[in-house]
2 protein chains.
Amino acid sequence: MSNAYNRPDQLSPELRKRVLDTARRLGYPGPDPVARSLRTRKAGAVGLLLTENLSYAFRDPAAIQFLEGLALACEDAGHGLLLIPASPEREDVASVHRAGVDGFVVYSVPDDDPHLAAVLERPVPVVICDQPRIDQLDWVGPDDEGAVRVLAEHLIGLGHRRIGVSCMRLARGRNDGVASVHRQANASFHVQRSRLTALAAAFSEAGVDWAQVPVVERFDHSTESGASAAAQLLEIDPEITAIICTSDILALGALEEARRRGVRVPDDLTITGFDGIDDAERVGLTTVRQPVLEKGRAAGRLLLDTSEPGRPRDVLLETQLMTGTTAAPPRSAEERWFGP
Amino acid sequence: MSNAYNRPDQLSPELRKRVLDTARRLGYPGPDPVARSLRTRKAGAVGLLLTENLSYAFRDPAAIQFLEGLALACEDAGHGLLLIPASPEREDVASVHRAGVDGFVVYSVPDDDPHLAAVLERPVPVVICDQPRIDQLDWVGPDDEGAVRVLAEHLIGLGHRRIGVSCMRLARGRNDGVASVHRQANASFHVQRSRLTALAAAFSEAGVDWAQVPVVERFDHSTESGASAAAQLLEIDPEITAIICTSDILALGALEEARRRGVRVPDDLTITGFDGIDDAERVGLTTVRQPVLEKGRAAGRLLLDTSEPGRPRDVLLETQLMTGTTAAPPRSAEERWFGP
DNA sequence: GTGAAAGCGCTAACAA
DNA sequence: TTGTTAGCGCTTTCAC
C-alpha cells in the first residue's frame, strides 16, 4: 500500500491502480504528510526567520528580492518555504519550536534575538544571511566593510569632510535619535556595526574626528524615517556636505527631505545609499549595489546542498559602487550662501 | 517532562527549571515539532498554492500585496506560512502531498490545475482566492463582472466603440496571440473568463459586435507582454480607440508601447488596467482598484477562523473605478489623421 | 506530583 | 511480489 503511493515502479501499474481506487473509495485521503515526515525525518521545507514582522518582508524591496532568490533555490530542490512568524515585539519563541522544517535560513537578525537562540537549539542545519556572524555556522553576505570603505573613499576623494550619517536600528530597543560612539560600537546588528566602523576608520584616516560626526539612528526602516533622519542631521549641523545612509530606503527618504527644503542634490548636498534596489537605480542614487537575489539563492543552496564539503562555509558576495548623480564635490561655504 | 515544555503552569517553576536543565545537559534538543504535530493533529502552518513559479509571486506587485495580507493574518494567529513549490511546468504534485499544514489558501489557479486537485483531496480546509469557483468551498475575491461592467460603461460613455482587449493567459497551455470567442468562453481561468464575458455583454448592449473585437492573449504576465499585446492589437486594427487590459501590468506595458510609437495617451488612444497597484496610481492609469492586501488578509482569516458559522462562506470585496488620465473620448478618424 | 503505556499514521526492513 | 511488524517522538490518559 505504501508502495502504491511512494514507489510506483515497485509494483504492476494495474495493481497500483486497483489499490489506489480502493483506497479512495474507502475515503482514504492519501498518506498523512506529518506522519511521513516523522518517519522519514524529512519535512521537505525550509524555515525562514526574519527579525521583522512577516508583513514587513513584503514592503522592503531588498527583502522581497532576497525572498525571491531563496524561493528560487527552494523550488529547484522541491522544498517548500515556511515563513516563521517572529515579530520583534512578542518574545514568544514557540513558532520556532513548532516549525516542521529541515533547516533554517536566518535573515539579518540581531546578535541577541531570542528567536535566533531558539533556532540554534534545534538540531537542524542553519544558514545565516548578513547577520549575525556565528562561529561554525554557514554564512552568506556581502563584504560590508570593504564596500563601505570604497564608498567612503569615493566621498573623501570628492572632498567631503563634514558629513552626517543616517543609519538603521542598532539594537532591539527603539532609539530614534543620535547614536553615540558607544552605541555604535555596541550595536547588536552586526551589519550596521561594520558599516559604521568602516566609515569611522576611513574618515578618521582622512583626518576627520569621528566623535564629531553626527550619526542619527532610526528604528523603522522607511522613507519617512530617512526623511526625518536627514532633517535631524541638517539641524544638528547645517554645514554638512554629505549624508551617508546605510540603506537605499533611508537615502530615498533623505532625497525627499532635501527636495522639500529646496536643498539641491548633489549641488548643495551629497546623498548616498546602500543596497542597489530598483528605485535607487531609477533615481540615479549613488550607492553600493549588492546582489540581493543571489544572496537569497546562495543561502537556499547552501542549506539544501547535501554534499557537505566541510562546513562551515562562507559565501562572500561581490559589491559594486554605483556612481549615480547624487554625489558631487562639496561647494565651499561661500558658494553655498552666495551662489556659484 | 512533556509538561515542563508545554504547560509551565502545571508544575512548580523550580521543578520545571530542573527538568529543563537536565534535559539540556543530556543534549535533548526540545520536543520534535513533527512528532508533536502528528500527535496533536496541528501543524501550525498554512499552505499557499499559486499557479506560478514561487519566484513570480515576488515579482508581481499585486501578488506581493496579497502575500503581505495573508502573512499578516497568519502572524496574528501565530501560524507559519508555507509557500508550496508548484511550478506550472512540472506536473509533480508531491509537494502538495508533503505539505504539513492545517489548511490551504489557493490563489488564482485555473480550473484544471492538478495541484489544486491534490489540495482538494487533502482532508483540510481550503479557501480559494479569485479562482476557480468551487462549490462548498470558502471564497474571497472581487466582483469581477460588476467591476468590469462599470469600467466598460465608463468607456462606452466616453464614446468608445472600436476597441481591443489585452488579457492574461486563458488556459494552462501557452497561446500568445488572438483568443477566439470560443477560447474566451472556455478559459480555464475563471477570472479572465468573467472579465471578458462582462466586457462582451456591456459592449454588445452598446451595439458592438463582440466577434469583431480583437482579444489578444499573453501567457507571461509582464510589461513586455503588455507592450507586445498592444502592438499586436494596433496592427490588427489601427483604428481602435481604446485598449482594455485585464491587469495593470499589461496596461503599463501598453503605455510603454504607445510612448514608443508616439501614440499619445489618452488623446490618440485610451488605455485601461485592472487591480490598482501602486505603479498604476503613480502614472495615473485609469483602472479598477481592488483591495489586494485585504484579500490576502480575508483569505487567511477565513481559513484560520475556528468558529465556523456555516460554511461555505463568500467574501466579496469592494472595487472602485479609478478615473485616471489615460482614458478620454475618442477622436474622430479625421482628427486622428489630420490633427485637431 | 510522577510514571507507565497506548497510539497518532507512516515507512522500511524483513519474512514469506 | 506481497504481508507483517517495529518504531519514529510525542501527548494524553490513567493509575499511583
Side-chain angles (χ1 to χ4, degrees), chain A residues 1-45 47 78-80 82 93-104 118-119 121-125 306, chain B residues 1-45 47 78-80 82 92-104 118-119 121-125:
Chain A
M1 158 93 172
S2 179
N3 282 340
Y5 280 95
N6 302 323
R7 245 159 324 211
D9 48 314
Q10 295 288 305
L11 35 65
S12 62
E14 60 174 68
L15 171 63
R16 177 175 144 86
K17 186 174 177 340
R18 219 183 56 218
V19 172
L20 261 44
D21 282 355
T22 312
R24 179 157 319 173
R25 190 155 36 72
L26 262 43
Y28 175 70
D32 180 308
V34 176
R36 170 187 286 170
S37 278
L38 175 60
R39 183 61 235 247
T40 61
R41 321 257 50 192
K42 283 180 177 18
H79 274 61
L82 180 66
V93 175
S95 54
V96 172
H97 288 143
R98 292 208 308 173
V101 296
D102 298 318
F104 289 91
V119 162
E121 281 180 0
R122 294 274 307 261
V124 293
T306 45
Chain B
M1 157 93 170
S2 179
N3 282 341
Y5 281 95
N6 302 323
R7 243 158 328 205
D9 48 312
Q10 293 289 307
L11 35 65
S12 64
E14 60 174 67
L15 172 62
R16 177 176 145 85
K17 185 176 179 335
R18 217 182 60 217
V19 172
L20 262 41
D21 283 353
T22 312
R24 180 157 319 173
R25 190 155 37 72
L26 264 41
Y28 177 70
D32 179 308
V34 176
R36 169 186 286 169
S37 279
L38 175 60
R39 184 59 234 247
T40 60
R41 319 258 51 185
K42 282 182 177 21
H79 274 60
L82 179 66
D92 178 22
V93 175
S95 53
V96 172
H97 288 143
R98 295 208 307 173
V101 297
D102 297 320
F104 288 91
V119 162
E121 282 180 0
R122 295 271 310 259
V124 293

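The figures that follow rest on heavy atoms only: side chains count, while hydrogens, waters and symmetry mates do not.
The two residues B/D102 and B/G44 have their closest heavy-atom pair at OD2-N, 2.7 Å. Counting all heavy atoms, side chain and backbone alike, A/G100 lies closest to A/A45 at O-CB, 4.1 Å. Smallest separation of non-hydrogen atoms from A/V93 and A/A118: CG1-CB, 2.8 Å. Taking both residues in full, the closest heavy atoms of B/A35 and B/D32 are given as N-OD1, 3.0 Å, listed atom of the first, atom of the second, then distance.
Whole-Å rounding puts the A/R98 CZ to D/dT11 C1' distance at 15 Å.
With A/R36 contributing its side chain and B/H97 its backbone, the two residues share no donor-acceptor pair below 3.5 Å. Under a 3.5 Å cut-off, the side chain of A/R122 and the backbone N or O of A/F104 do not form any donor-acceptor pair.
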Quick one, A/R39 with B/L38, criterion side chain to side chain contact (heavy atoms under 4.5 Å, CB included). Give me CA distance, side-chain angles, the key distance, then yes/no. CA-CA 10 Å; A/R39 183 61 235 247; B/L38 175 60; over 6 Å; no

Sort me out a list of protein N/O and nucleotides 14-16 of chain C N/O pairs below 3.5 Å, or just none if empty.
none

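Residue contacts shown for B/Y5 are absent, as no nucleic acid heavy atom lies under 4.0 Å away.
Within a heavy-atom distance below 4.0 Å of DNA chain D, the residues of residues 32-44 of chain A found are A/L38, A/R39, A/R41.
Looking at heavy atoms from C-beta onward, B/V34 lies in side-chain contact with A/V34 at the 4.5 angstrom threshold.
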